[in-house]
Number of protein chains: 2
Amino acid sequence: MAKERVTVIDIARAAGVSKSTVSLVLQGSPLVNEATRAKVNAVIRELGYVYNRSAANLRQAKSKIIGIVVNDLTNSFFAELAVGVDAVVQSAGFVQFLANTGEKSERQREVIASMREHGVSGLIISPARGTEAADLAPLVESGIPVVLVVRDIAGAGVSSLISDNRAGALAAVRHLIARGHRRIAFLGGFADTAVFEARVRGYRDALREAGLKAGDDLVVGSAPSRAGGVTAIEQAMMLEDRPTAALCFNDAVAFGVCDGLRARRLEPGADFAVIGFDDVIEAKTAVPALTTVSVDPQGMGERAAELLLKQIKAGRAEPEAIVSPVRLVIRQSCGAAVERRMKEVSS
Amino acid sequence: MAKERVTVIDIARAAGVSKSTVSLVLQGSPLVNEATRAKVNAVIRELGYVYNRSAANLRQAKSKIIGIVVNDLTNSFFAELAVGVDAVVQSAGFVQFLANTGEKSERQREVIASMREHGVSGLIISPARGTEAADLAPLVESGIPVVLVVRDIAGAGVSSLISDNRAGALAAVRHLIARGHRRIAFLGGFADTAVFEARVRGYRDALREAGLKAGDDLVVGSAPSRAGGVTAIEQAMMLEDRPTAALCFNDAVAFGVCDGLRARRLEPGADFAVIGFDDVIEAKTAVPALTTVSVDPQGMGERAAELLLKQIKAGRAEPEAIVSPVRLVIRQSCGAAVERRMKEVSS
DNA sequence: CTTAATAATTGGAACGTTCCAATCTCGTCA
DNA sequence: TGACGAGATTGGAACGTTCCAATTATTAAG
């Protein structure tokens, strides 16, 4: 069944032209006559020709593949990021090579190597935990454009696109304070990441400027997952002086916190205010709808892809460090919307 | 900065051997002397050589790439499926090319074509809605191994791996009936899909065998998402004779149904029984933990990958249609576990 | 009618690898 | 000593495309 491979030469023979002409047609060159173009295209369709990109790549150095490596595909934040990237990459005529590292740096090394071997013309990386500048050094030295997303790596010397984590946390906690909360926790996340550090910094700054003290017992780390959120809130509720509100490391944790709250017969939004981070799609439709710091993962993916494409086109651009603004979207889980809605109804 | 590409010839020259020897080393051939192998490897590291897979692919027809195309990456079911595939594919020395079609068959055509051009040696496809056998025809004629997952396509003539949707729904609804429910709804999903059809069939069969009538008003379709679940339950609760339990099209819908229930001050698991389908990771940690039909997406991905690998190795195998067994995992959202837990406590 | 310019087409080299058949180097055995 | 075979190594052809310079066909200008 597996028929002989049809090549450009077969097409040429069948169409009565040279292989060069066929090649020209394939690349949509304006040099070729309309009639022959039509003829060639017809033969191509007829013989079921499939373009051999390996051969093309071999000849010309550029590959039309861009790679994206994420640290946790099962986290919908990254899945959305990937579809954002895919959208723009695709429409630019590139194809996306996606790999998941599962936070393992060994695995990350492998997939990056593999992508290099396949000749990707650019790479978008959301680095695994613990990735250092040295790990990326061979890659950046090779001159392949790289943009880091979500997590920046100091001294890597490549472009990065991260969200303004400190500002987001600051805004969220200010909001909580404005609504009268005094005991505010920071829940979830691994303490050894830059993202965690930035978010906690914003949290602390907000408390400080309100003259509240930021005790260490109120920031409790955990896995940045739904399950982690459950354990984090449980731990926080063991404190003798319990918090009445929490900013969570991300939305997954926030959902877990809501779950944990309910398990203790506390209604999130009414009895306890919770704010997430990321604005995953489900945040809007959850009940109560999650108040969260919107970082628009899909949009971030799009911007990262655009940045990368720009660098690919430019050959070798100066690395830029973009910090993407962030905004607090107030929904129901922090209690604000409930109040507001009641006001609306009564007016 | 972008240095000259170092090739196998450069290595050969630097190591004082021929390019053939270097090639042999690269492929780990046992033919080459240990000393020269070490020498060559040292030079490879020293010069920062990166293997050019395009060139290799050109020479030998096999490519070490397998492609996976999913219809909705933002649905964590598919994200997990993809990581399952990735795990086995990777350990077999292949690399995974992942693309997302977003349910658009035009897009699906493009990505499949692109993968063919890159010379994938096999393809795992979770087809977009509305994909027909004819759409896949050119692909299967080319003789490249394909396995369809999640959704089968009649007459496509390729292997498929789907879960036993009817049996799962049957078991779930039987359980609901055994717990005394009489008004049971089927919520969510697009009615024009085979998966929907099979699940509803199981649902109907269970009702019928219990002598319950399966009114059409109790099956309400919607988008297979969290938001869809919210609207579906809302619609179901408009009925004058309200259901007291529901089997949902998938877990995302089930979560939405829980949300919708809470919005009406009904506690899922206590006031209304809900069962999902898929057993996404969050199902276990949600509150209440979701009773669901476990299809183990990650395991399914692994099995699909193994099947594909087997076919790739075998050259051209007979298409197999595997239906993967499924099991009802009883947690809290159907009310059963609550009862059981109380019993445990009292004993 | 010649020449120049333009439009289309073309053959061959090149890309970096693998494969094949051929060669070289030993040590061993008769 | 010569023949043999095993172990290592090697040169060159091939894979399917693109690029370049060259060629041919066509049209316009003089």
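Note that this is a predicted model, so its numbers are computed, not measured.
For Arg59(A), there are no salt bridge (Lys or Arg N to Asp or Glu O under 4.0 Å) partners at least two apart in sequence or on another chain. Arg151(B) is linked by a salt bridge (Lys or Arg N to Asp or Glu O under 4.0 Å) to Glu103(B), counting only residues two or more places apart in sequence or in another chain. In this structure Arg53(A) satisfies the salt bridge (Lys or Arg N to Asp or Glu O under 4.0 Å) test together with Glu117(B), sequence neighbours excluded. Partners of Asn41(A) under the side chain to side chain contact (heavy atoms under 4.5 Å, CB included) rule, at least two apart in sequence or in another chain, are Val25(A), Arg37(A), Ile44(A), Arg45(A). Not a single ring pair (Phe, Tyr, Trp, His ring centres under 6.0 Å) links Phe78(B) to another residue, sequence neighbours left out. Shown here are the salt bridge (Lys or Arg N to Asp or Glu O under 4.0 Å) partners of Glu320(B), two or more places apart in sequence or in another chain: Lys310(B). Asn57(B) is linked by a side chain to side chain contact (heavy atoms under 4.5 Å, CB included) to Ser54(A), Ser63(B), counting only residues two or more places apart in sequence or in another chain.
Each of Ile112(A), Val149(A), Val70(A), Ile153(A) was checked for a side-chain contact (heavy atoms from CB on, under 4.5 Å) with Ile125(A), and the lone residue meeting it is Ile112(A).
Contact of the Ile65(B) side chain with the His118(A) side chain is registered, since non-hydrogen atoms from C-beta on lie closer than 4.5 Å. Counting heavy atoms from C-beta on, the side chains of Leu26(A) and Tyr51(A) come closer than 4.5 Å.
Listed by residue number, Leu31(A), Val32(A), Asn33(A), Thr36(A) are the residues of residues 30-43 of chain A with a heavy-atom contact under 4.0 Å to DNA chain C.
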Per-nucleotide protein contact string for nucleotides 14-24 of chain C, where B marks a base within reach and S marks sugar-phosphate only (heavy atoms under 4.0 Å, - for neither): BBBBBB-----
Footprint string (nucleotides 22-27 of chain D, 5' to 3'): B base within contact, S backbone only, - free, heavy atoms under 4.0 Å: ------
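Side-chain nitrogen and oxygen atoms of Thr21(A) include at least one within less than 4.0 Å of the OP1 or OP2 phosphate oxygen of dT10(C).
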Check against side-chain contact (heavy atoms from CB on, under 4.5 Å), Leu136(B) and Thr131(B): CA-CA 8 Å; Leu136(B) 263 28; Thr131(B) 303; 4.1 Å; yes
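An angle of 60°, rounded to 10°, separates the two end axes of the helix from dC1(C)-dG30(D) to dA30(C)-dT1(D), each defined over five pairs.
The salt bridge (charged side-chain N to carboxylate O under 4.0 Å, His left out) analysis of residues 123-137 of chain A, with sequence neighbours excluded, yields the pairs Arg129(A)-Asp192(A).
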